[in-house]
Trainee: 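Got a structure for you, written out below as C-alpha cells; questions coming shortly.
Predicted, not measured: the structure shown is a model, and the values here were computed from it. Just so it is clear: chains get the letters A, B, ... in the order the sequence lines come, proteins before strands, and each one is counted from 1.
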Protein chains: 2
Amino acid sequence: MSNSRMTVREIARIAGVSVATVSRVSNGTGQVSEEMRRRVLEAIEKHGYRPDHLGRALAAGRHGALGLVFPGLSGPYFTELIQGFESEAGPSRASVHILCTHLRSDSDAQVLEMGRRVDGVAVIGGTVSDDALLRLAARVPVVVIAGPGPGDIASVRAENPGSMAALTRHLLADHGLRDLVFVGNPEGSPDVSERWAGFRQAHRDLGVTPPAEPVAVGLQQADGVLVAQRLLVGGEPLPGGVVCANDETALGVLVGALGRGLRVPQDLVITGFDDVPTSALVTPALTTVRQPVRELAAEAARLLLTAAGRPDDTPHGSLVLPTELVLRGSCGCPAPSPGTAR
Amino acid sequence: MSNSRMTVREIARIAGVSVATVSRVSNGTGQVSEEMRRRVLEAIEKHGYRPDHLGRALAAGRHGALGLVFPGLSGPYFTELIQGFESEAGPSRASVHILCTHLRSDSDAQVLEMGRRVDGVAVIGGTVSDDALLRLAARVPVVVIAGPGPGDIASVRAENPGSMAALTRHLLADHGLRDLVFVGNPEGSPDVSERWAGFRQAHRDLGVTPPAEPVAVGLQQADGVLVAQRLLVGGEPLPGGVVCANDETALGVLVGALGRGLRVPQDLVITGFDDVPTSALVTPALTTVRQPVRELAAEAARLLLTAAGRPDDTPHGSLVLPTELVLRGSCGCPAPSPGTAR
DNA sequence: CGGGAAACAGAAACCGGTTACAGCGACGAT
DNA sequence: ATCGTCGCTGTAACCGGTTTCTGTTTCCCG
C-alpha cells in the first residue's frame with residue numbers, strides 16, 4: 001500500500017523479473033507473456049506502484065506540460081481563456097503551467113524559465129517583449145493568443161478591426177449618432193489597438209472625423225465605472241455614445257450611468273466587445289461583438305500539442321477566428337422579447 | 001549560442017573539466033578555483049547552457065512546482081485567487097500547475113495525477129471528494145482553501161458565519177427589515193454553506209423566523225441577473241432584502257433591479273460578500289463583507305512551500321483570516337461622500 | 001530432422017543533472 | 001623529513017524511468 005518509495009527496480013525485484021519487463025507491462029508496450037504480466041501486475045497492485053512522472057519525462061525528453069502566460073488581470077475574460085486552454089490540454093494528459101506577468105519588468109526572464117519546464121507556451125498578446133518571444137520560440141513551440149506573433153511565430157486571434165468597424169458604422173449610420181468616444185487603451189493590448197483602428201476607420205469611411213484620442217483606461221469593470229464618473233458628471237455635454245474596448249468596461253459604464261439616473265439607450269448609447277454571459281442579461285442588454293474566447297485558447301493548445309509531437313518545431317501562420325456583431329438594446333436597437341433573449 | 005542540446009557533460013568536455021565542477025560552478029556550491037570557474041563560465045556563456053529542469057528535479061527529488069485545483073468558474077474571485085497563489089509561488093521559483101475540475105466526475109483521478117507532478121497542492125473547498133483529498137495528502141502536502149479539510153489536512157479560510165450573521169443582524173435590527181431572501185447554493189461550496197448558516201443564526205438570535213430555503217443558484221454575475229428576473233417580476237411582493245452569497249451575484253441582482261426601474265435601497269436592499277473592486281464603485285455602492293482572497297491563496301502557497309522543504313509532510317491546523325463588515329449605500333446606510341469612497 | 005522466424009526476457013546504456021567519496025598537491029607544524 | 005590538514009578536482013554512483021540490443025526458447029515449415 002505504501003506507494004511512496006516504490007520504483008521500477010523495486011517492483012522488478014519483488015515480481016522476480018527485470019525492470020524492462022515492468023516498464024513494458026506498465027506501458028503496455030512490447031511483448032510480454034501472460035505469466036510475466038500477471039506477476040508484475042500483482043506486484044504493482046499490491047504495493048500501489050505508479051511510475052514517477054519525473055523519471056518518465058526525463059527518459060522521454062518531454063515534460064507533458066504546456067504553459068500559459070497572461071498579464072494577471074481579473075475578470076471573466078481570463079478565466080474563460082484559462083479554461084479553454086485547460087479543457088484542451090487535460091484530455092491529452094498534459095498539465096498546464098500558468099504564469100502571471102503582472103506586467104512586471106522581470107517577466108521576460110520568467111517566461112524564458114518557463115520555456116524549459118514545458119513542451120510549448122501560449123502567450124497572451126502584449127504580455128512579454130518580442131525579443132523574449134523569439135528567444136522562447138528557439139526552444140519550444142510558441143503561439144500568441146490575441147495578438148500578432150513577431151517573426152514567423154504562430155498566432156491565434158479573433159477578427160477585431162472589421163467587426164469593430166461594422167459596429168461603429170452601425171452607430172454612425174443606422175442610429176445617426178455623432179461624438180462617439182472610445183474607451184480602452186490601445187497601447188495596452190494588440191486587441192484594443194485593432195479595435196481602436198477599426199473604430200477610426202469606420203469614421204473615415206463615412207466622412208466623419210473620429211476623436212483624436214481614446215479614453216485610455218484599463219479593461220476591468222471598475223475602470224468602466226470610473227469612466228462613467230468622469231464622463232457623465234458636471235456640465236459637460238453627454239457623448240453621443242460610449243464604445244468600449246470590452247464588455248467588462250461597458251458593463252461598468254452601464255452600471256455607472258444607470259446609477260446616475262441616466263436612461264440607456266435614450267440618454268446614452270453604450271456598446272461593448274466580447275459578449276460575456278452577463279451582457280445578454282442586463283437591462284438593457286448590451287450591444288457587443290461576440291468573440292470565441294474559449295475557442296481561441298483551445299485552438300492555441302491544439303497547435304502546441306501537435307507541434308510538441310513532432311521535431312518540426314514551432315507552428316506557423318496566423319489563424320483568425322470570426323467574430324459576430326450582436327445588436328441588442330443598449331445601442332437603441334429594439335430589444336428582443338425577453339423570452340427569446342439569448 | 002545553440003542552447004538546445006547542451007548538457008553538463010558537453011560543457012565539461014569543452015571546458016576541459018569534470019561534470020562535478022560544472023555543476024558546482026553553475027550552482028555556486030562547493031569550492032572551485034578561480035581558474036576553473038573562469039573556464040567553465042566561459043564555456044557556459046559561449047554556448048548558452050542552462051541546466052535542464054527535469055534532470056535537476058529528478059536528482060533533487062523535487063519538482064519545484066505547486067498545484068492549484070479550482071472548479072473552473074469565471075469571475076474576479078478565481079482570477080484573484082490564482083494571482084494570490086502565483087504571486088507567492090513565483091518568487092520561490094516554483095511554477096504553478098492549475099487544474100480546472102469543471103466539476104466533472106473524473107476530477108478525483110486528475111487531482112491524484114497532479115499529485116505526482118508537484119510538491120504540494122492547494123484545493124478550493126468543494127471541488128474534489130474527501131477520499132481523493134486524503135489519498136492525495138498521503139503523497140504530498142495539501143491545503144484546502146475556503147473549506148474544511150477532512151482529517152487533519154490543513155485549511156485556510158475566511159471567517160464566514162460570524163460576519164454574515166453580523167451583516168444579517170444589521171439588516172434585521174438596524175434597518176428593521178424582514179422577509180430577507182438568501183441567494184446562493186449551500187450545497188455548492190463550503191463558503192456558501194457557512195454563510196447560509198450565519199444568515200439563519202442571526203435570524204434565530206433575534207427571534208425572527210428565517211426563510212426555510214435559500215434561492216439556490218450559482219455564483220456568477222449572470223446568476224444574479226436571473227434571480228432579479230425571477231424575483232422582481234409580476235405581482236409578487238418584493239422581498240425586504242436580497243442577501244447574496246457573493247458580490248458577483250449581488251451585482252447581477254443590482255443591475256437587474258436598476259434595469260427594471262427599481263430604486264436601491266429605497267425599493268430594495270441588496271448585499272453581497274467578498275468586496276470585489278467593482279462593489280465600491282457602483283451606485284449605490286454595495287454593502288458587503290471584505291474577504292482577503294489574495295491573502296488566502298498566498299497563505300496557502302506559503303504553507304505548501306515550507307512543508308515541501310521538510311520531510312515532515314503535510315501541514316496541520318486550520319487558519320482563519322478575519323473578515324470585515326463593509327456598510328455602504330445598498331443596505332440603506334448613508335453613502336460616504338463620493339470623494340472618500342474606497 | 002534441420003533451419004529460420006517469431007516471441008519473449010534481461011542486461012546495460014541512456015536521459016541530464018547532483019553529490020559522496022577518493023585522490024592529489026601544497027602548505028604548515030613538529 | 002614527515003605527517004596532517006586544507007583546498008581543489010575527478011570518478012562514479014544515483015535519481016526513476018525507457019529502450020536498444022542481445023540471447024534464449026519455442027514454433028512452424030520444408
Trainee: Would you indicate what B:Gln31 reaches in the nucleic acid, counting non-hydrogen atoms under 4.0 angstrom: base, sugar-phosphate, or nothing?
Mentor: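 The answer is base, as B:Gln31 lies within the cut-off (heavy atoms under 4.0 Å) of a base atom.
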Trainee: A side-chain contact here means heavy atoms from C-beta on lying under 4.5 Å apart; do B:Glu42 and B:Glu45 qualify?
Mentor: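 Counting from C-beta outward, B:Glu42 and B:Glu45 never come under 4.5 Å.
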Trainee: Compute the angle between the rotation axes at the two ends of the helix from C:dC1-D:dG30 to C:dT30-D:dA1, each taken over five pairs, rounded to 10 degrees.
Mentor: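 Here the local axes at opposite ends form an angle of 60°.
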Trainee: Give each protein N/O atom lying under 3.5 Å from an N/O atom of nucleotides 20-22 of chain D, with the pair distance.
Mentor:
none

Trainee: Give a yes/no on whether any side-chain N or O of B:Thr21 is located under 4.0 angstrom from OP1 or OP2 of D:dG10.
Mentor: yes
Trainee: Mind checking B:Val22 for me? I need base, sugar-phosphate or nothing, with any heavy atom below 4.0 Å counting as a touch.
Mentor: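 Nothing, no heavy atom under 4.0 Å.
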Trainee: Specify the residue among B:Arg9 and A:Asn27 whose closest nucleotide of DNA chain D lies further upstream toward the 5′ end.
Mentor: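 The answer here is B:Arg9.
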Trainee: Base, sugar-phosphate or nothing for A:Ser23? Non-hydrogen atoms, less than 4.0 Å.
Mentor: base
Trainee: Side chains of B:Ser95 and A:Arg117 only: does a donor on one sit below 3.5 Å from an acceptor on the other?
Mentor: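 Distance-only check passes for B:Ser95 and A:Arg117.
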Trainee: Chain B on DNA chain C: first and last contacting nucleotide, 5' to 3', under 4.0 Å to a heavy atom?
Mentor: C:dG16 to C:dT19
Trainee: Pick out the pairs of N or O atoms, protein on one side and nucleotides 25-28 of chain D on the other, that lie under 3.5 Å.
Mentor:
none

Trainee: Please collect all ring pair (Phe, Tyr, Trp, His ring centres under 6.0 Å) contacts where either partner lies in residues 118-156 of chain A, sequence neighbours excluded, each pair once.
Mentor: none
Trainee: Counting distance only, does the side-chain N/O of A:Glu86 pair as donor-acceptor with the main-chain N or O of B:Cys100 below 3.5 Å?
Mentor: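 Confirmed, A:Glu86 side chain pairs with B:Cys100 backbone.
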Trainee: Going by heavy atoms in the side chains, are B:Val143 and B:Ser155 under 4.5 Å from each other?
Mentor: no
Trainee: Hey, could you give me each pair passing ring pair (Phe, Tyr, Trp, His ring centres under 6.0 Å) that has a residue in residues 77-119 of chain B? Not counting sequence neighbours.
Mentor: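 Sorted pair list: A:His97-B:His97, B:Phe70-B:Phe78.
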Trainee: On DNA chain C, compare the nucleotides closest to A:Ala59 and A:Ser18; which residue's is nearer the 5' end?
Mentor: A:Ser18
Trainee: Measure CG/A:Leu58 against C1'/D:dC14 and give the value in whole Å, please.
Mentor: 12 Å
